Amino acid sequence: MKPSLPKGTRDFGPNEVNKRSFIFSTIKEVFVRYGYQPIETPTMENLSTLTGKYGEEGDKLLFKVLNNGDYLAKANEEALNAKDSVKLISSISKRGLRYDLTVPFARFVVMHQNDIAFPFKRYQIQPVWRADRPQKGRYQEFYQCDVDVVGSNSLTYEAELTQIYDEVFAKLGIEVIIKINNRKILAGIAEVAGIADKMVEMTVAIDKLDKIGLDGVKKEMASRDISDASIETIIEILQIEDLAGLKDKFQSSEMGLKGIEEMEKVFTYFKPADAKNKVKFDITLARGLSYYTGCIFEVAVDTGIESQKDVVMGSIGGGGRYDDLTGIFGMKDMSGVGVSFGAARIFDVMEELNLFPQEDENSLKVLFIAFDDQSHEYAFQCLTKVRAAGINAEIYPDPVKLKKQMKYANARQVPHVILIGDSEMESGNLTLKDMKEGGQEALSLDDIITKLK
RNA sequence: GUGAUUAUAGCUCAGUUGGUUAGAGCGCUGGAUUGUGGUUCCAGAGGUCGCCGGUUCGAACCCGGUUAGUCACCCCA
């Protein structure tokens, strides 16, 4: 049979996995230093935990797991005969694959509330699954790296998460722009424009600003039944770049003023001037997710920097505050704030900018090559010693023709090979060959170990 | 869910208006070279042209259907 992969999934080779774990370990190191702890949740959740949390669209994108055993025996007969898939699901599937890390986190917090010290700071790096049509940079299986704190309203966390973004990207070597806005400011705009009930429609439109431009946003809003007068007001406010200037506009909106106050507070804890990256208030930042209620964040590659001017990539991270994260599971008044790192996109950007370290500590350092059965046995004893000395080493499994063994060494990109035949066994001096330079020298095993260490 | 596009060797892809035996590069195997790889040179293996049907004297090529991938939209990371 011809091997194939399910749509929207991919394999990761050794090289890619090594690079990805470089990103993860860099991120983790920072999370841990800021006091965040790791958790993991199961790949599968009960379908009842997942459905209804991501809107109608989201429900369609959930992967459902078929019940084990004779699942049709218990199927809802009426729905089955009517071919009503939506109605049938609950009788043939009780589990689904994780769609994001936030909802499982909320469930986790509620279930373990008695064992958790609040504020609870956690990070989580796991794959999630979405039954979306795949396209460029978009898959059905992908990793999310989430860092959240739940159980506190303090704006120090908004400041702290901004610092985490700043520090992680500085460590990875990507210069970014960290954009911050506040949902209350967006609510204020909607209020001032007299369309408080259409705030979601407005934010969805504003969110597309860099993609479709100002005129596009106007059209988008018009198509969503927002009046011309309101659009005028909204566009006018969007031109304002500083918080102070907004205050005048928001005299009639308590919500808007509250948003400004929150932003100012965050900036008293975190001074953008101290940041390694650009950090700025961006009134046009909206983010589609409707559950955000306070600050919202988004990170983009700074294409104003000469070395990064050709990078075309959407946001590589985002997040925000949600006032009632756990309410749906019966735990009220639990405010949370968190951000996410787009691992796959960060990977692509680093690849393009050549930011991964050249020296790979996980790679093979030396390969043993023997000429005959006798020297193969001898070489294996040497190999054991080299490995015991902490050097990544391997032996070609059979003493076959030199050419074949050397070709394998090339394919593995191993920097050195050790050749062992009759003369080496007699003298005790092994032939150490530098695969890059092409030269070789006769050295004792101990000298080789010292040299390769 | 809507639309576009692609499917030919292990991989990446050519293949003329429909015409005899479907090609190239890379990779693989063997040799030039029995203890030395990368660069050369020679030879070889490897194909149900996605699948089903139709048109035709004749189909990789035209038509219909189908399956799968990719890309864009909706939405999202």
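In what follows, every chain begins at residue 1, and chains take the letters A, B, ... in the order their sequences are listed. Quick caveat: nothing in here was measured; it's all calculated off a predicted structure. Heavy atoms only: backbone and side chains are in, while hydrogens, waters and symmetry mates are out.
- Residue-level contact check: D422(A) touches the bases, meaning some heavy atom is under 4.0 Å from a base atom.
- When each of I316(A) and P134(A) is assigned the nucleotide of RNA chain B bearing its nearest heavy atom, the one mapping closer to the 5' terminus is P134(A).
- Toward the 5' end of RNA chain B, the nearer of the two residues I420(A) and G317(A), judged by each one's closest nucleotide, is I420(A).
- K436(A) comes within 4.0 angstrom of a nucleotide base, judged by non-hydrogen atoms across all strands.
- Between F31(A) and F24(A), the gap from one ring centroid to the other reaches at least 6.0 Å.
- G23(B) and U67(B): their P atoms are spaced 34 Å apart (whole Å).
- At a threshold of 4.0 angstrom between heavy atoms, the contacts of G342(A) with the nucleic acid are absent.
- Atom name P, nucleotides U12(B) and G69(B): the rounded distance is 15 Å, in whole Å.
- C26(B) and A14(B): their C1' atoms are spaced 14 Å apart (whole Å).
- With hydrogens and angles disregarded, no donor-acceptor distance shorter than 3.5 Å links the side chain of R183(A) to the backbone of C295(A).
- Using modelled atom types, no side-chain atom of S93(A) and backbone atom of S90(A) make a donor-acceptor pair closer than 3.5 Å.
- Which of G35(B), G31(B), C75(B) sits closest to the side chain of F371(A) comes down to G35(B).
- Rounded to a whole angstrom, the distance from the P atom of C73(B) to that of G54(B) is 41 Å.
- Closest to the S315(A) side chain, of the nucleotides U70(B), U29(B), A77(B), is A77(B).
- Between the side chain of Q440(A) and the base of U36(B) there is at least one donor-acceptor pair of N/O atoms closer than 3.5 Å.
- Checked against the 6.0 Å centroid threshold, F356(A) and F347(A) count as a close aromatic pair.
- Closest contact between the side chain of K433(A) and the listed nucleotides C75(B), U36(B), A77(B) involves U36(B).
- The pair E262(A)-K184(A) meets the salt-bridge criterion, since a charged nitrogen lies less than 4.0 angstrom from a carboxylate oxygen.
- With distances taken from any side-chain atom of Q135(A) to the nucleotides C73(B), U36(B), A77(B), the minimum falls on C73(B).
- Comparing A77(B), G31(B), G35(B) by their nearest atom to the side chain of K401(A) picks out G31(B).
- At the heavy-atom level, S340(A) lies nowhere under 4.0 Å from the strands shown.
- In this structure, L419(A) reaches the bases: a heavy-atom distance under 4.0 Å links it to at least one base atom across the strands shown.
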Apply ring-ring contact (aromatic ring centres under 6.0 Å, His included) to Y396(A) and Y408(A), showing your working. CA-CA 8 Å; Y396(A) 196 85; Y408(A) 180 72; 5.3 Å; yes

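- Y139(A) carries R10(A) over the face of its six-membered ring, with the cationic atom under 6.0 Å from the centre and within 45° of the normal.
- The OH-P distance, from Y396(A) to G35(B), rounds to 15 Å in whole Å.
- When heavy atoms are screened at a 4.0 angstrom cut-off, K407(A) is found touching the sugar-phosphate backbone but no base atom.
- Among the nucleotides U29(B), G31(B), U36(B), the one closest to any side-chain atom of M406(A) is U36(B).
- A donor-acceptor distance shorter than 3.5 angstrom exists from the side chain of D100(A) to the backbone of V103(A), with no hydrogens or angles considered.
- We find that NZ of K404(A) is positioned 14 Å from P of G27(B), with the value rounded to whole Å.
- Looking at heavy-atom distances under 4.0 Å, G55(A) makes no contact with the nucleic acid at all.
- Between Q126(A) atom CD and A77(B) atom P the separation is 18 Å, expressed in whole Å.
- Contacts of G137(A) with the nucleic acid, taken as non-hydrogen atoms under 4.0 Å apart, include base atoms.
- Spacing between A59(B) and G1(B) at atom P, rounded to whole Å, works out to 37 Å.
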Counting primed atoms, P, OP1 and OP2 as sugar-phosphate and everything else as base, the B/S/- map of nucleotides 1-8 of chain B against protein heavy atoms under 4.0 Å is BBB-----

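- Across all strands shown, F341(A) has no heavy atoms under 4.0 Å from either base or sugar-phosphate atoms.
- Taking atom CG on D207(A) and atom P on C74(B), their separation rounds to 12 Å, with Å as the unit.
- A68(B) atom C1' lies 13 Å from atom CD of Q140(A), rounded to whole Å.
- A donor N or O paired with an acceptor N or O is found under 3.5 Å between the base of G35(B) and the side-chain atoms of E424(A).
- Judged by a 6.0 Å distance limit and a 45° cone about the ring axis, R130(A) is not positioned over the six-membered ring of F63(A).
- Which of G35(B), A77(B), U29(B) sits closest to the side chain of F142(A) comes down to A77(B).
- Y143(A) and F341(A) have their aromatic ring centers separated by at least 6.0 angstrom.
- By the 4.0 Å N-to-carboxylate-O rule, E441(A) lies too far from K433(A) to be salt-bridged with it.
- Taking atom C1' on both C74(B) and A4(B), the two are 16 Å apart, rounded to the nearest angstrom.
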Annotated structure of RNA chain B as dot-bracket, pair cut-off 3.5 Å, Watson-Crick or G-U only, | for inter-strand, is (((((((..((((.....[...)))).(((((.......))))).....(((((..]....))))))))))))....

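- Between the CE atom of M425(A) and the C1' atom of G35(B) there is a distance of 14 Å, given to the nearest Å.
- Listed for the S227(A) side chain is a donor-acceptor partner under 3.5 Å among the backbone atoms of S230(A).
- Comparing the P positions of C63(B) and U17(B) gives a spacing of 14 Å, expressed to the nearest Å.
- Backbone-only engagement by R345(A) is indicated by non-hydrogen atom pairs under 4.0 Å involving sugar-phosphate atoms exclusively.
- Rounded to the nearest Å, the gap between the P atom of U48(B) and that of C42(B) is 29 Å.
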